[in-house]
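Shown next, in structure tokens, is the structure this report addresses.
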Amino acid sequence: MPERKDFLDRLKKIDELKSMGINPYPHYFKVNSTIREIVESPDLFMGKNVSIAGRVMALRYHGKVGFGDLSMDNFKIQLFLKYEVLKDNYDFFKKFVDKSDIIGVEGDVVRTEKGELSILVKNFIILTKSLYDLPHAWFGLEDVETRYRQRYLDMLLNKDVFEIFRKRSMIVGEIRRFLDSKGFLEFETPILQPVYGGANAKPFITHVNAIDRNYYLRISDELYLKRLLVAGYPKVFEIGKDFRNEDIDSRHNPEFTMIEIYEAFKDYNDMMELTENLIKHLAQKINGSLKVKIGENEIDLSGEWKKVKLLEKLKEGGVDPNTITDDEIKKLLEKYDIKMPSYVRGIALTKLFEEIYEHTFINPTFVIDYPRESTPLCKLHRNDPNLVERFELFINGIEIANGYTELNDPILQEKFFNEEVERRILGDEEAQQKDTDFIEALRVGMPNAGGVGIGIDRISMILTSAKSIKEVIYYPILAPKND
RNA sequence: GGGCCCGUAGCUCAGCUCGGUAGAGCAUCUGGCUUUUAACCAGGUGGCCGGGGGUUCGAAUCCCCUCGGGCCCGCCA
């Protein structure tokens, strides 16, 4: 493959600069203002002398006068270059400063005849010589593959993409502040685990050479965070990556970010309240509004969020969990093309519910009180031992959060783990492993507690109106490229 | 895992139905121009048409294989 022409042209310029004793990658240039500050409060800066730095995004020459766009942090200011000010340096700029270079400039904040806020450049320095021209600014970078493989170009050229990731960063920071203000402590639990647990998923397997054992990349943080409750911390959380070796689509990436929160002496009602308050707080802080539009869907986060009991909803839809036979359920599974490695009534009902109703919950909806078999880590419902005190939150038809009143009975926990092991033997690859160390911890005694996991990527999608999880993940997983 | 679509210049795309010397706009390069902002005017450079194989006198175009990507479905958060 021949080298790009822009690359070769710019290499020549670098050689010329060096031969003149000019370092194309100098160490330091003192800035005293940012482009953002000037653009946001032009009156404060008008007529003043400033030193700023940024990337050259456009150049427009008109003989002995020229204009450029200098950009940083998604803010842009015009450079105003005049021969009568710069003299010989004007020609130097014209010859050696290219689009995409990062430069520092010193000059006065002015407005041009057309009223454009500008820096009348008096001095300038090349800070980073770029060897590639940027993709065309007007058409932007639309090739999806290039956008994901070279995300920095995507962010540099597509302002909305830049803002999505700025918001994502703000969301994570705001979550930490919110929980900190309520007295929660953040912990970092193991990512490499000898036994994985806390969710139903296929794991990534790795190997720890030092002890010659296969380990797993965690699929959730749950069982380690609960050990912290045993240890005596009443309010804990963790924000981190989980890894699930499953398929990729607009809502799933094999590595994704989750926050899990556990609080002693609380139950799932408290955790729903916490979740609702947190997400409303985020929407207000990030977007200044509790309304979000995603595609055709207008989502309203205000008001008290709806709670729907899973079995009651099924019953309303004509599937009465009290009277329906297993054979009838199996027929429905077939009708909706749902495959189960081993038939378990409660799981079958949950899957039917998910298939029929999940996508219909556009405004935030808590689905509560799941069949007992849907998860082995949840406490039985206080009024019905066939149910567990579990909730899932849906917004825009996708699952955003999952929480429960945590199971802290070590005897029951061991029994439920054993049931999972049986299901695994029957071929369910996503059945959970039995974590005997965790049972040991429960025998010491874990306070009654509520817990919730919230998908950070998913909530970022909601708050940035992103239609695909790839739009909120910096580098979504892609196959390596070769010919 | 199944179905549909896409890959041509640095970027955005046409050309493919119906095979005949690889195109446009922008970017880049060279001139010109002292208030532009998709600047403008004139001229030039730039491509193994994702990769491999086949059919053919001749393939970007037809056929087969393969790589990468997108969307939908299944499973999953």
Side-chain angles (χ1 to χ4, degrees), chain A residues 1-10 12-13 57-69 76-86 90 95 98-100 110-118 120 130-149 153 157 198-203 219-220 242-260 336-341 351 354-355 358 392-394 398-402 428-430 453-459 461 467-470 476 478-483:
Chain A
M1 176 142 150
E3 291 289 1
R4 289 168 54 160
K5 185 170 177 295
D6 50 353
F7 178 70
L8 296 174
D9 284 347
R10 292 179 182 210
K12 273 186 220 151
K13 287 190 187 180
M57 299 301 285
L59 289 168
R60 304 175 287 280
Y61 290 107
H62 303 255
K64 300 240 179 297
V65 66
F67 302 90
D69 294 332
K76 181 178 88 178
I77 196 165
Q78 177 166 270
L79 300 179
F80 187 13
L81 307 156
K82 293 181 88 167
Y83 176 79
E84 71 181 48
V85 173
L86 291 165
Y90 182 84
K95 179 163 185 192
D98 292 305
K99 220 161 63 178
S100 182
V110 298
R111 284 198 189 276
T112 59
E113 280 178 19
K114 293 276 166 70
E116 180 78 19
L117 185 67
S118 307
L120 179 61
S130 170
L131 298 181
Y132 286 149
D133 193 18
L134 292 171
H136 196 272
W138 180 250
F139 296 110
L141 179 65
E142 294 184 1
D143 180 69
V144 175
E145 196 176 341
T146 308
R147 289 186 48 224
Y148 294 157
R149 288 190 194 280
L153 290 179
L157 291 158
N200 299 318
K202 286 171 225 154
I219 58 171
S220 92
D242 289 342
F243 306 86
R244 299 187 186 175
N245 210 342
E246 289 159 359
D247 247 338
I248 303 163
D249 63 26
S250 64
R251 294 183 298 280
H252 300 87
N253 194 63
E255 67 175 290
F256 62 103
T257 306
M258 180 99 107
I259 176 167
E260 292 193 33
Y336 287 106
D337 201 24
I338 300 167
K339 292 176 208 87
M340 289 183 65
K351 283 186 183 284
E354 288 170 352
E355 174 69 23
E358 263 188 22
E392 290 193 286
L393 170 66
F394 296 90
I398 63 175
E399 186 186 338
I400 301 296
N402 176 25
D428 188 344
E429 285 183 87
E430 292 180 354
I454 304 170
I456 298 290
D457 314 281
R458 296 266 177 97
I459 197 64
M461 286 171 69
K467 287 185 187 142
S468 165
I469 199 166
K470 290 192 170 112
L478 294 180
K481 192 171 186 171
N482 47 37
D483 296 332

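Quick caveat, the model's predicted, so the values are computed rather than measured.
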Under 4.0 angstrom, heavy atoms only, what part of the nucleic acid is [X] near: base, sugar-phosphate, or nothing?
{"X": "A:Phe80", "value": "base"}
{"X": "A:Asp143", "value": "sugar-phosphate"}
{"X": "A:Asn253", "value": "base"}
{"X": "A:Asn402", "value": "nothing"}
{"X": "A:Ala479", "value": "sugar-phosphate"}
{"X": "A:Leu478", "value": "sugar-phosphate"}
{"X": "A:Arg149", "value": "sugar-phosphate"}
{"X": "A:Glu355", "value": "sugar-phosphate"}
{"X": "A:Gln78", "value": "base"}
{"X": "A:Lys99", "value": "sugar-phosphate"}
{"X": "A:Glu116", "value": "base"}
{"X": "A:Glu430", "value": "sugar-phosphate"}

Rounding to an integer number of angstrom, what distance separates [N] and [M] when you compare their [atom1] atoms?
{"N": "B:C71", "M": "B:G25", "atom1": "P", "result": "33 Å"}
{"N": "B:U28", "M": "B:A39", "atom1": "P", "result": "9 Å"}
{"N": "B:A22", "M": "B:G50", "atom1": "P", "result": "15 Å"}
{"N": "B:G31", "M": "B:U45", "atom1": "C1'", "result": "15 Å"}
{"N": "B:A9", "M": "B:C72", "atom1": "P", "result": "27 Å"}
{"N": "B:C40", "M": "B:A14", "atom1": "P", "result": "23 Å"}
{"N": "B:C49", "M": "B:C6", "atom1": "C1'", "result": "14 Å"}
{"N": "B:G44", "M": "B:G51", "atom1": "C1'", "result": "32 Å"}

| field | Side chain proximity check, A:Ile400 to A:Met461, heavy atoms < 4.5 angstrom | value | no

Let me know the distance between [atom1] of [X] and [atom2] of [N], rounded to the nearest Å.
{"X": "A:Lys202", "N": "B:G1", "atom1": "NZ", "atom2": "P", "answer": "10 Å"}
{"X": "A:Lys467", "N": "B:C72", "atom1": "NZ", "atom2": "C1'", "answer": "15 Å"}
{"X": "A:Met57", "N": "B:C11", "atom1": "CE", "atom2": "C1'", "answer": "13 Å"}
{"X": "A:Leu157", "N": "B:U12", "atom1": "CG", "atom2": "C1'", "answer": "13 Å"}
{"X": "A:Arg60", "N": "B:C40", "atom1": "CZ", "atom2": "P", "answer": "11 Å"}
{"X": "A:Tyr83", "N": "B:U34", "atom1": "OH", "atom2": "P", "answer": "12 Å"}
{"X": "A:Arg10", "N": "B:G10", "atom1": "CZ", "atom2": "P", "answer": "14 Å"}
{"X": "A:Asp133", "N": "B:A27", "atom1": "CG", "atom2": "P", "answer": "10 Å"}

| query | Given that A:Ala199 and A:Arg111 both sit by RNA chain B, which one's nearest nucleotide is further toward the 5' end? | reply |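 Final value for this comparison: A:Arg111.
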
| message | Need to verify one output field. Residue with the more 5' nearest nucleotide on RNA chain B, A:Ile248 or A:Tyr148? | response |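 Its nearest nucleotide lies further toward 5', so the answer is A:Tyr148.
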
| field | Pi-cation contact, A:Tyr132 with A:Arg4 (under 6.0 Å, within 45°) | value |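 Geometry flag: set, cation within 6.0 Å and 45°.
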
Watson-Crick/G-U partner (both atom distances under 3.5 Å) of [N]:
{"N": "B:G23", "result": "B:C13"}
{"N": "B:C40", "result": "B:G32"}
{"N": "B:G7", "result": "B:C67"}
{"N": "B:C75", "result": "none"}

| Closest contact, heavy atoms only, A:Tyr90 versus A:Lys64 |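 Result for this residue pair: OH-C, 3.3 Å.
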
| request: Please report the shortest heavy-atom distance between A:Glu145 and A:Leu478, naming the atom on each side. | output: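 In terms of heavy atoms, the two residues are closest at O-CD1, 4.4 Å.
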
Are any side-chain N or O atoms of [X] and backbone N or O atoms of [Y], one a donor and one an acceptor, separated by less than 3.5 Å?
{"X": "A:Lys13", "Y": "A:Lys95", "value": "yes"}
{"X": "A:Tyr83", "Y": "A:Gly66", "value": "no"}
{"X": "A:Asp457", "Y": "A:Thr257", "value": "yes"}

For the side chain of [X], starting at C-beta, report the closest nucleotide among [options].
{"X": "A:Ser250", "options": "B:C29, B:U28, B:C72", "result": "B:C72"}
{"X": "A:Tyr61", "options": "B:C29, B:C33, B:U37", "result": "B:C33"}
{"X": "A:Asp247", "options": "B:U12, B:U34, B:C75", "result": "B:C75"}
{"X": "A:Arg4", "options": "B:U35, B:G10, B:U28", "result": "B:G10"}
{"X": "A:Asp249", "options": "B:G70, B:U28, B:G74", "result": "B:G74"}
{"X": "A:Lys13", "options": "B:G70, B:C29, B:U35", "result": "B:C29"}

| Below 4.0 Å: OP1/OP2 of B:G70 and any side-chain N or O of A:Lys470 |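 For A:Lys470, the contact criterion (side-chain N or O under 4.0 Å from OP1 or OP2 of B:G70) is met.
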
| Are OP1 or OP2 of B:G44 and a side-chain N or O of A:Lys5 less than 4.0 angstrom apart? |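 No, no such contact exists.
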
| query | How many angstroms lie between CD in A:Gln78 and CG in A:Asp69, if you round to the nearest 0.5 Å? | reply |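 Here the interatomic distance stands at 6.5 Å.
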
| field | Cationic N near anionic O, under 4.0 Å, A:Asp9 to A:Lys5 | value |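 A salt bridge is present here (some side-chain N lies under 4.0 Å from a carboxylate O).
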
